[in-house]
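What follows is one structure encoded as structure tokens, with my remarks underneath.
This is a predicted model, so every value here is computed, not measured. Atoms considered below: every heavy atom in the structure, side chains included; atoms not considered: hydrogens, waters and symmetry mates.
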Amino acid sequence: MTKALVLTDVTPRDGLQDATGFVPLEDKVALVTGLASAGFRHIEVTSFVNPDRIPMLCDADFLAPRVAHLSQDLVALAPNIKGVQRAIAAGIPAVMLVASASESHSQANLNHSRTEMLTILAEAASYAHAHGLRVHGAISTAFECPIEGTVPIAQVMELAEAYRAMGVATLNIADTLGTATPNSVKARIRALRDVADASMPLGLHLHDRHGWALANVAMAYEWDVRHFESALGGLGGCPYAPGAAGNIDTEQLVRFFEAQGVPTGIDLDKLTALRHQLLAVIDKNLPVAKEDAR
């Protein structure tokens with residue numbers, strides 16, 4: 001219970017990847033800068049994926065160099081060696097690798113089978129380590145798949161073992177649909193204790209369909225998890241997971257920990273102002289419905 005709390009805001013990546021309203025580059029720079037000013041050291045700034053797959057993040061190669069100086073703990077999602085190479089060129093010090101525990105979601109989201117993705121990610125991890133980057137690992141659909149339903153813990157364990165072999169710095173399990181319960185969170189944490197330890201601490205990436213996310217945070221914290229991810233205004237979701245809810249809200253998460261006497265180092269007033277600023281940008285750039293067009 002002595003490990004420090006680590007909060008990562010994923011608004012610039014997960015929060016915006018399927019947003020309805022477009023966010024221009026300068027506003028994304030202001031968003032990342034604002035998060036750093038509010039006290040966030042750990043920020044997931046973008047995703048170095050094919051822009052055809054995630055059009056909202058097509059400016060990754062332009063955004064990342066503008067914000068790379070803000071913290072040594074910035075991270076960007078990289079699905080393969082090419083993504084790692086782009087992160088290196090942009091000056092981002094860490095990459096997040098992602099694999100799906102569900103075969104169906106892996107095919108839909110990553111265009112590869114689970115087995116193929118592990119080979120791709122092992123090569124990417126090796127390349128990243130060789131070039132001095134920190135490497136983190138994430139498991140999507142670690143609880144439920146929109147196609148297959150409940151994902152067996154054994155499939156989550158398989159990916160965790162693979163990530164351990166890759167030497168990742170942290171292991172994040174994601175409730176992609178936002179349907180996890182405190183009991184399912186506890187069950188996965190207990191199982192992963194055989195794999196995740198001080199050398200590869202466990203983190204939780206929560207979405208919030210039913211309003212249970214904070215209860216899941218409380219359960220995870222009781223089981224010694226200290227890494228949590230969130231997004232401003234509960235934005236976010238997965239374009240390739242129908243029904244996925246938004247992320248757990250960053251302000252709620254910060255308030256929750258502060259109310260428990262757990263310091264976060266985050267300025268809530270700055271965070272609230274930043275949320276209003278971002279939502280105003282998104283609202284301004286919402287597409288006009290055909291029947292409203294003049």
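D249 contributes a side-chain N or O that, together with a main-chain N or O of G234, makes up a donor-acceptor pair within less than 3.5 Å. In this structure, D175 contributes its side chain and T179 its backbone to a donor-acceptor pair below 3.5 Å. At least one donor-acceptor pair closer than 3.5 Å links the side chain of D208 to the backbone N or O of A213. Although no hydrogens or angles enter the test, the distance criterion places no donor-acceptor pair under 3.5 Å between the side chain of E144 and the main chain of A180. Using modelled atom types, one side-chain atom of R86 and one backbone atom of V49 make a donor-acceptor pair closer than 3.5 Å. A donor-acceptor pair under 3.5 Å links the side-chain atoms of R188 to the main chain of A142, judged by distance alone. Looking only at distances, a side-chain donor or acceptor of R114 sits under 3.5 Å from a matching main-chain atom of A101. With hydrogens and angles disregarded, no donor-acceptor distance shorter than 3.5 Å links the side chain of S126 to the backbone of A122. Formation of a donor-acceptor pair under 3.5 Å by the D14 side chain with backbone atoms of G236 is not found in this model. A distance-only check finds a donor-acceptor pair linking the side chain of Y163 to the backbone of A99 [under 3.5 Å].
Between the CE atom in M117 and the CD atom in E103 there is a gap of 11.5 Å [rounded to 0.5 Å]. One finds the OG1 atom of T20 at 9.5 Å from the CG atom of L235 (value rounded to the nearest 0.5 Å). Rounding to the nearest 0.5 angstrom, the gap separating the CG atom in D27 from the CG atom in L63 is 11.0 Å. Between the CG atom in L206 and the CG atom in N172 there is a gap of 10.5 Å [rounded to 0.5 Å]. In this structure, CG in L202 is found 9.0 Å from OG1 in T170, a value given to the nearest 0.5 Å. For the atom pair CG of L192 and CG of L159, the computed distance is 10.0 Å after rounding to the nearest 0.5 Å.
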For a side-chain hydrogen bond (donor to acceptor under 3.5 Å, both in side chains) check, start with the C-alpha distance between T141 and S100, then their side-chain angles and the critical distance, and finish with the verdict. CA-CA 6 Å; T141 60; S100 179; 2.8 Å; yes

Just do the side-chain hydrogen bond (donor to acceptor under 3.5 Å, both in side chains) check on T250 and D9 with the steps written out, would you? CA-CA 7 Å; T250 296; D9 188 278; 2.7 Å; yes

side-chain hydrogen bond (donor to acceptor under 3.5 Å, both in side chains) between T272 and E251: does it pass, once the steps are laid out? CA-CA 7 Å; T272 300; E251 288 167 88; 2.6 Å; yes

If you apply the rule side chain to side chain contact (heavy atoms under 4.5 Å, CB included), what do you find for L214 with I248, and how did you get there? CA-CA 8 Å; L214 284 179; I248 187 171; 3.7 Å; yes

Run the side chain to side chain contact (heavy atoms under 4.5 Å, CB included) check on L271 and F40 step by step: do they pass? CA-CA 10 Å; L271 210 55; F40 274 98; 3.8 Å; yes

Stepwise side chain to side chain contact (heavy atoms under 4.5 Å, CB included) test for I88 and Y127: CA-CA 10 Å; I88 293 170; Y127 187 90; 3.8 Å; yes

Let's go through V45 and V75 carefully: what are the C-alpha distance in whole Å and the side-chain angles of both, what is the deciding distance for side chain to side chain contact (heavy atoms under 4.5 Å, CB included) to 0.1 Å, and is it a yes or a no? CA-CA 6 Å; V45 295; V75 64; over 6 Å; no

Assess whether side-chain hydrogen bond (donor to acceptor under 3.5 Å, both in side chains) is satisfied between H42 and T8, documenting all intermediate values. CA-CA 5 Å; H42 300 265; T8 300; 4.5 Å; no

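When side chains are defined from C-beta on, F257 counts as touching L5, because their heavy atoms get closer than 4.5 Å. Using a 4.5 Å cut-off on side-chain heavy atoms (C-beta onward), R53 and N50 make contact. The closest side-chain heavy-atom distance from Q17 to M56 is not below 4.5 Å. Contact check for P12 versus K28: no side-chain heavy atoms found under the 4.5 Å cut-off. Taking 4.5 Å as the limit, every side-chain heavy atom of P201 sits out of range of all side-chain heavy atoms of R226. Two residues are said to be in side-chain contact when any heavy atoms from C-beta on lie closer than 4.5 Å; F256 and V217 meet this criterion. Put simply, the side chain of K186 does not reach to within 4.5 Å of the side chain of I189, judged on heavy atoms.
Nearest heavy atom pair, residue T176 against residue H105, reads CG2-NE2, 4.4 Å. Between A19 and G15 the shortest heavy-atom distance is CB-O, 4.3 Å. Between L25 and R66 the shortest heavy-atom distance is CD2-NH1, 4.2 Å. Listed here is the closest heavy atom pair of D73 and R134: CA-NH2, 3.5 Å. Considering all non-hydrogen atoms of both residues, N247 and S230 come closest at CB-C, 4.5 Å. When every heavy atom of V281 is checked against every heavy atom of P24, the shortest pair comes out as CG1-CD, 3.9 Å.
Partner of L121 under the side chain to side chain contact (heavy atoms under 4.5 Å, CB included) criterion, out of M166, E116, H112: M166 alone. Just one residue in the list E44, E229, H227 forms a side chain to side chain donor-acceptor pair (under 3.5 Å) with H205, and that residue is E229. Residue V23 is tested with L278, T11, L31, D59 for a side chain to side chain contact (heavy atoms under 4.5 Å, CB included); the sole match is L278.
Residues passing the side chain to side chain contact (heavy atoms under 4.5 Å, CB included) test with T181, sequence neighbours excluded: N183, S184, W212. Every residue two or more places apart in sequence or in another chain that forms a side-chain hydrogen bond (donor to acceptor under 3.5 Å, both in side chains) with S37 is listed here: K270.
V6 and Y221 end up in different hydrophobic clusters when Ile, Leu, Val, Met, Phe, Trp and Tyr side chains are linked at under 4.5 Å. Both L268 and L232 are part of a single hydrophobic cluster, where members link through side-chain heavy atoms under 4.5 Å apart. F22 and L57 sit in two unconnected hydrophobic clusters of ILVMFWY residues. Membership requires side-chain heavy atoms under 4.5 Å apart, directly or through other members. Both I139 and V151 belong to a common hydrophobic cluster when Ile, Leu, Val, Met, Phe, Trp and Tyr are linked at side-chain heavy-atom distances under 4.5 angstrom. In terms of hydrophobic clustering, with Ile, Leu, Val, Met, Phe, Trp and Tyr side chains grouped at heavy-atom distances under 4.5 Å, L97 and L204 are assigned to a common cluster.
Salt bridge annotation for R164-D197: present, with a cationic side-chain nitrogen under 4.0 angstrom from a carboxylate oxygen.
Within 6.0 Å of the CZ atom in R190, the count of heavy atoms belonging to other residues, nucleotides or ligands does not exceed 12. Counting heavy atoms of neighbouring residues, nucleotides and ligands inside a 6.0 Å radius, atom CD of Q260 exceeds 12 of them.
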